Each structure stands twice: as structure tokens, then as C-alpha cells.
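Everything on this sheet refers to the single structure shown next.
Predicted model only: the values in this text are computed from it and were never measured.
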Amino acid sequence: MALSVSNLEGNEIADDYVRKAPTRGRWGETWDVLKANFGKLVLINIFVLITFLPGIGIMIYRSMYINGMGLQYPFNLAGLNYPAYTNINGLEEQIYLSADLLFFSLLIVAGLIASIGISGAAYSIRKLLNTQGQFSVKGFFHGIKVGYFGTVMPVTVFMIFLFASFILGDWKDLVIARGASSAGPITAYVFMIIANVLVGVYCGWLFAVGVSYRVKFTQLFKNAFVLMIGSPVHTLFFAGLALIPVWLFVIGTAVSIVKIISYIVFIFLGFSLILLVWTSFTQWVFDMYVTPNIKAAEEEAKAKKTPKELAAEKEESDKQTAMELLAAGRSELIGRPILPIDGECAVKPLSAVFTRGDIAGASADREKLKTAVSAYEDEHKNDPVYVEYNKLFAEREKALQSNGKKGKKKKVSADNLLK
């Protein structure tokens, strides 16, 4: 494909975990996460449900408001129709339009609150998938911190289009009820529904990229578009698969038992299941475009350490490197007096045939050489060349153990210690 993603390599949002390589394939791991972490998914779902309560409350109040308006107006009373009420045509549709203008605009605001739970859940479920089961409440709130912007933007855009769809649908019904030409409103409504689906899918990719990678605003839109058109059939299929809880809810409007099941699913697993399927699918697509950031076991252990522990470990490593450089830099030939070799101190070598006396003589020569070496070192150890050389390295070694002013520890590294 001519288009390609940019600036995703190395920018993955994985601050408190290290991604592991899947052992059973992408969907095998997804099924394992669903089976082995059911309780964690329920907990995540409850967190998300709490942030959806304002939106749920708005929709319940909308229903109560419309029902209350229906009781005030004589829609179904015999003898109280046209011409007794000359403007009754379109009155019901007008009530729906005015109610939806108010309540669906409030629903956009509720989306700002719902994005809090969605962003935390998205990070937590990515962590579950990429680590085969790791989860923490602290990680959920960290996901809100790093992923809220990547969530609230696509959610708000989608809610605005959803608002426009409902208002356009109410306007269409109002025009038809009043007997005006319906061709224009119906055409506009159909195009709005198509636009809502396309924008919804695109917002799904905006959300996936925004909560998975740290990228600039313009790159976020470009990468989401590339990933969407790079896998259009898969995207539509898995979007439909992820929305199974929503389809249950839609079917439940006609079948009461299915409606009860859909409520139970949404309370305990609905939001988590949607995010689990969509996150697993989008991660699979990401891996086709971006090299997976899978690290070794020692890096995984490093990721679990606190910043303070990592800083102490780095300083100790720098000290060790500096000590090795010091040891490599100090030369025994320069740091201490070495007796020059001459004929007087030479050890007489043994011939191919030797006696005990020859061995004793060689031993005596070696002892004489040791004494001469020691005497020469004691005699010349205070010479300026040796004193200055050893002083230089002694000061550098001392810097590894010393403290700076006001008890603050000096930062020692291989770069600055030997300068």
C-alpha cells in the first residue's frame, strides 16, 4: 500500500508493564484472557459503568419527559382530534424533536465523563492482553491520565454525529407528519446514517491509535485513516463482532427476555467485552504495520522497578564502569618504580642438565632480585613522576565515594569522572 503509518515505532503507551510475546497467537491469547481474568474484566466493566451513569440518567429522564408530555396532550382521546385541535398533526413529532435537542446535547457532555472510564479500561485491557493477565487499579487510573485525550476526542466527534442523526430523524418524521414532501428529508437522513457509520468506524481507529501510541495531533488522524483503509473488511467485521452486547440490546426492544439478558451483560461484561475484542483486533493490525515492542525478561524485571531504584541502579552501573576505566587506565609500569634489568640482577638460567647446587644458586639469585626490586621501589617511590601519577588516580577513585556540598551525592559517570 502506498500509504504508511508514521511515528508509531517506539512510541507505544506502556508505562507500567513490558509487552510479552503471545504464545498461542493473538486470538488464542484473547480467549485465555477472557477465561482466566473474568473477575478483572467485570471489575473494569463496573468502573466504566459508573462513568456511564450520567448518560444513562439523561436517557431515563428523556423517556420520562416524553411520557409526561404524552399524558398532557390528548393524542389518544376519542373526539379530541382534528378539528377540535387544529395543530395536532406533527405535535408528537415536535415533542420528540424538542426533547432530543435538549437531551442529546446533554448526552454529548455526558460523553466527556464516560471517556474517563473508557480510557482507563482501554489501557487496562491492553495491559491484560500484552502481559497475559496483569492488572492493577493503579494502572486503570494511569490509563485515564495517559489516554483521556485520545479517548475524549473520538467519543465527542461520534456523539456529535449521533446527535445530528437523531435530530435529522426527528425532523424527517415531523415533515412527513405535516404532509410536506418527504423525499429530501428521507434522503438526508439516509446519508446521515451512512456518514454516522463511517465516522463511527473512523473514530474507533482514532480511539485505538490515541490510547495506544503517543503521536502528534495530525499524525493521529493520518495513521487512523491509513489503518482503517488498510483493513476495511476486517474492520467492519470486528466492529460488528465487538458490538454484540449492543445488538443484544437492540434485539431486546422487541423481545423482553433478550432485553433482560442485555442488561445483565452490560452490567457485568458489556463494555469490557467490546473493548477486549476491538483492542485485540487493532493490536493485531498494529503489529502488521509497526514492529512489536516485545522486550527480554531482564527488561521486564527492570520495568517493575521504581524510578528511584532505577536511578540508584544506573548510578551504581556508572560507578562500576568508571572503576573499570580507572583500572584499565592505571599502568603498573608508570605507577610504581620498576628496577631496570642488568647483568648483576639476572637469574642464571638452568641448563638442560643441572644439579641441586644449580637449583640452589638460581633460588638465591631470585631472592637477591626480589630484595633489589624492593629496595629500588622504596628508594624511588617518592620521586615526583610516581607521586603525581598515583595522586591523579587516587583523587579520581576518591570521587566515587565522596559526597558533594551539603551532603548531596556527586553524580559519577564514565563520561565525567576521567576528564
Side-chain angles (χ1 to χ4, degrees), residues 5-19 30 33 37 40-41 43-55 108-131 133-160 199-225 227-228 238-239 242 270-287 289-290 292-293 303:
V5 297
S6 58
N7 296 95
L8 298 186
E9 190 82 37
N11 289 324
E12 186 173 0
I13 301 176
D15 299 330
D16 64 345
Y17 69 91
V18 175
R19 185 176 174 187
T30 303
V33 167
N37 301 276
K40 297 175 183 177
L41 292 173
L43 180 60
I44 292 172
N45 195 80
I46 291 174
F47 285 159
V48 178
L49 183 62
I50 291 172
T51 62
F52 268 73
L53 289 179
I108 296 174
V109 179
L112 305 179
I113 302 174
S115 297
I116 297 173
I118 297 172
S119 58
Y123 184 85
S124 298
I125 289 177
R126 283 184 65 247
K127 184 176 178 180
L128 282 173
L129 288 169
N130 290 332
T131 61
Q134 291 182 18
F135 168 78
S136 66
V137 175
K138 182 179 179 181
F140 180 91
F141 288 100
H142 179 74
I144 297 173
K145 177 182 177 182
V146 299
Y148 180 74
F149 174 76
T151 302
V152 72
M153 182 182 60
V155 167
T156 303
V157 171
F158 177 71
M159 292 303 299
I160 290 173
V199 169
V201 173
Y202 181 59
C203 286
W205 273 112
L206 278 177
F207 164 72
V209 177
V211 299
S212 302
Y213 295 94
R214 292 183 175 91
V215 290
K216 294 181 180 179
F217 190 75
T218 55
Q219 293 167 346
L220 174 63
F221 279 88
K222 178 207 168 187
N223 290 328
F225 180 74
L227 293 166
M228 181 181 70
F238 283 103
F271 300 109
S272 294
L273 187 60
I274 292 171
L275 288 171
L276 180 66
V277 175
W278 184 248
T279 301
S280 187
F281 161 66
T282 53
Q283 188 64 68
W284 171 67
V285 177
F286 288 148
D287 291 346
Y289 286 83
V290 184
N293 187 23

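R19 contributes no side-chain N or O that, together with a main-chain N or O of A14, makes up a donor-acceptor pair within less than 3.5 Å. Between the N45 side chain and the S272 main chain, a donor and an acceptor come within less than 3.5 Å of each other. Between the side chain of S280 and the backbone N or O of V277, no donor-acceptor pair lies under 3.5 Å. Although no hydrogens or angles enter the test, the distance criterion places a donor-acceptor pair under 3.5 Å between the side chain of T282 and the main chain of T279.
Aromatic rings of F221 and F225 (six-membered ring for Trp) have centroids beyond the 6.0 Å cut-off, not under it. Annotation: Y213 is not in aromatic contact with W205 [ring centroid separation under 6.0 Å not met]. Aromatic pair F52/F271: centroids less than 6.0 angstrom apart.
Identified under the side-chain hydrogen bond (donor to acceptor under 3.5 Å, both in side chains) test for residues 137-150, with sequence neighbours left out: D15-H142.
Distance check, rounded to the nearest 0.5 Å: CG of N223 to CG of L8 gives 4.5 Å.
V48 approaches G117 most closely through the heavy-atom pair CG2-O, 3.5 Å. Of all heavy-atom pairs spanning G200 and F158, the tightest one is CA-CD1, 3.6 Å. Across L275 and A122, no two heavy atoms sit closer than the pair CD1-N, 4.2 Å. Among all heavy-atom pairs drawn from Q219 and V215, the shortest one is OE1-CB, 4.1 Å.
With 3.5 Å as the limit, one finds no donor-acceptor pair spanning the side chains of T151 and S119.
Aromatic ring orientation, F149 versus F217: tilted (interplanar angle from 30° to 60°).
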